[in-house]
Asks: 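Sharing a structure, written as structure tokens. Questions coming.
Throughout, protein chains are lettered first and strands after them, A, B, ... in sequence-line order, and every chain is numbered starting at 1.
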2 protein chains.
Amino acid sequence: MIRLIRKFTYLCRVITQSDLPDKPLAILNTALKLFAEYGFHGTPTSKIASEAGIAHGTIFHYYKTKDALVNALYEHIKSDLRRYLTDHIKESDGIRERFRDLFYYSVQWSLEHRDEFYFTQQFKYSPHLKNSGAEDLAQQHSLHRKLYKEALQTKTFKPVSIDLISSIAMSQMVGTYNYLADANLPAKKQSTVINDTFDMLWSMFETPDQP
Amino acid sequence: MIRLIRKFTYLCRVITQSDLPDKPLAILNTALKLFAEYGFHGTPTSKIASEAGIAHGTIFHYYKTKDALVNALYEHIKSDLRRYLTDHIKESDGIRERFRDLFYYSVQWSLEHRDEFYFTQQFKYSPHLKNSGAEDLAQQHSLHRKLYKEALQTKTFKPVSIDLISSIAMSQMVGTYNYLADANLPAKKQSTVINDTFDMLWSMFETPDQP
DNA sequence: GTCTATATCTCGATAGAC
DNA sequence: GTCTATCGAGATATAGAC
């Protein structure tokens with residue numbers, strides 16, 4: 001009898017397509033939503049469970065501890081952003097284009113994923129968490145540093161410390177994001193701002209023309 | 001008898017000058033130290049008390065709740081920074097000098113007060129706290145916005161949104177700080193970097209020469 | 001795998017002597 | 001004002017049925 005009910009429930013979900021039984025992902029998603037609103041210390045696991053429509057204990061089946069959940073969420077977001085960026089950057093483009101796209105789409109992604117962005121900031125400034133190996137979300141070596149390295153080697157950039165470039169570029173993205181997140185401009189104007197701030201950034205490091 | 005012991009203890013403190021009975025301040029200081037290491041959620045009030053060498057209950061005599069303590073600490077730091085900046089900026093200077101000093105000493109202060117800086121970042125990204133009226137530490141209207149406003153009105157700056165200037169300038173400071181905090185350069189080199197990054201910032205917004 | 005029920009513990013806050 | 005002792009809420013994590 002109970003078995004029948006289970007089957008029925010399952011079929012209902014399949015038919016309505018509304019709620020695939022991907023519990024681990026559901027946990028991550030509701031956790032993110034709640035963390036963005038209350039912070040991870042202000043969010044009890046019991047609330048994540050009830051909000052996600054699952055039993056409290058189930059969380060600990062997928063994530064041994066709350067910390068593990070938080071870290072898993074961070075990794076999840078990180079790989080999301082990574083995929084998004086690699087999807088939007090053409091390897092065949094010139095270095096300026098690639099840098100522009102990296103900048104542009106990093107800001108764009110943050111604007112379209114504000115909870116995710118906010119969460120990563122919280123995460124970054126949470127000393128007691130075991131952020132072992134959790135370098136800055138955007139210090140994704142392979143994407144950023146490779147690019148800066150190339151720009152330095154080809155003398156596209158003035159000879160400055162790569163860490164300085166990295167820090168300043170990162171800040172410029174965050175600054176642009178902060179402005180746009182509050183300003184609420186129409187999409188087109190938003191794009192203009194991102195491009196303009198990128199131009200400023202570029203001109204900071206570009207090697208001046210040799211006549 | 002006990003009264004005598006008390007008096008004796010008090011006199012000892014006065015003589016050694018080692019530990020003025022300024023408990024509220026001592027609480028703030030050790031709280032800051034611990035918050036920087038464990039975060040404020042990872043730091044129980046009991047630990048603050050024991051580390052500060054006072055009784056647990058005493059904390060709640062000065063600060064009704066833990067949240068109140070956190071907020072008091074934030075205000076304390078904010079006014080410290082404010083005093084530091086106003087002490088270092090000459091009102092009689094030209095606008096470029098004043099902006100430079102604001103930038104320079106903001107970074108400098110952060111480098112000399114890393115725990116304080118780190119704490120304010122934690123604070124900024126703590127959604128559940130009653131940060132009512134806790135605007136960004138550096139969005140201290142009277143210091144920053146007044147300056148930007150003046151630069152815009154005197155056409156020293158290109159006509160850009162003041163919020164954009166504010167966001168970008170702030171980010172540039174944070175970016176410069178992040179770089180220097182990791183790089184560990186000698187003091188002289190540090191100054192050079194701050195000045196150089198300020199020049200970049202300035203040239204972003206400066207009105208080009210009209211011939 | 002998922003649920004309910006519960007064990008265990010830590011922390012913030014209070015009470016009351018001194 | 002400062003201390004000690006303690007209370008009670010609420011949190012994570014586990015046990016065990018289904």
Asks: Report the nucleotide, chosen from C/dT4, C/dT2, C/dG12, that has the shortest atom-to-atom distance to any side-chain atom of A/Lys23.
Replies: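 Per side-chain heavy atoms of A/Lys23, the pick is C/dT2.
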
Asks: Check the phosphate of D/dG1 against B/His61, side-chain N and O only, distance under 4.0 Å to OP1 or OP2. Yes or no?
Replies: yes

Asks: With sequence neighbours left out, what residues match B/Ser203 under side chain to side chain contact (heavy atoms under 4.5 Å, CB included)?
Replies: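 Testing B/Ser203 for side chain to side chain contact (heavy atoms under 4.5 Å, CB included), a comparison that skips the adjacent residues, returns none.
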
Asks: Which is more 5' along DNA chain D, the nucleotide nearest A/Gly57 or the one nearest A/Pro44? Just name the residue.
Replies: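 Taking each residue's closest nucleotide, the earlier one in sequence belongs to A/Pro44.
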
Asks: Rounded off to whole Å, could you give me the OH-to-C1' distance for the A/Tyr62 and D/dT14 pair?
Replies: 17 Å

Asks: Of all the choices, D/dT14, D/dT4, C/dA13, which nucleotide is nearest to the side chain of B/Ala55 once you look at every atom?
Replies: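 In terms of side-chain proximity for B/Ala55, the closest of D/dT14, D/dT4, C/dA13 is D/dT4.
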
Asks: Round to the nearest Å and state the distance from B/Tyr38 atom OH to C/dC11 atom P.
Replies: 12 Å

Asks: Regarding A/Asp80 and A/Arg83, does a basic nitrogen lie under 4.0 Å from an acidic carboxylate oxygen?
Replies: yes

Asks: How close or far is atom C1' of D/dT12 from atom CD1 of A/Ile59, stated in whole angstroms?
Replies: 11 Å

Asks: Run A/Phe123 and B/Tyr125 through ring pair (Phe, Tyr, Trp, His ring centres under 6.0 Å) and show every step you take.
Replies: CA-CA 9 Å; A/Phe123 188 84; B/Tyr125 292 107; over 10 Å; no

Asks: Do the non-hydrogen side-chain atoms of A/Thr86 and A/Leu143 ever get within less than 4.5 Å of each other?
Replies: yes

Asks: Using a heavy-atom cut-off of 4.0 Å across all strands, would you classify B/Thr58 as base, sugar-phosphate, or nothing?
Replies: base

Asks: For B/His56 and D/dT4, what is the distance between atoms NE2 and C1' respectively, to the nearest whole Å?
Replies: 12 Å

Asks: Rounding to an integer number of Å, can you tell me how far A/Lys47 NZ sits from D/dT12 P?
Replies: 12 Å

Asks: Round to a whole Å and report the spacing from CD1 of B/Ile48 to P of C/dG12.
Replies: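 Value for this atom pair: 8 Å.
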
Asks: In whole Å, I'd like the distance from the NE2 atom of A/His41 to the P atom of C/dC11.
Replies: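 One finds 12 Å between P of C/dC11 and NE2 of A/His41, rounded.
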
Asks: Rounded to whole Å, please give me the gap between CG in B/Asp22 and P in D/dG1.
Replies: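 In whole Å, D/dG1 P and B/Asp22 CG are 11 Å from each other.
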
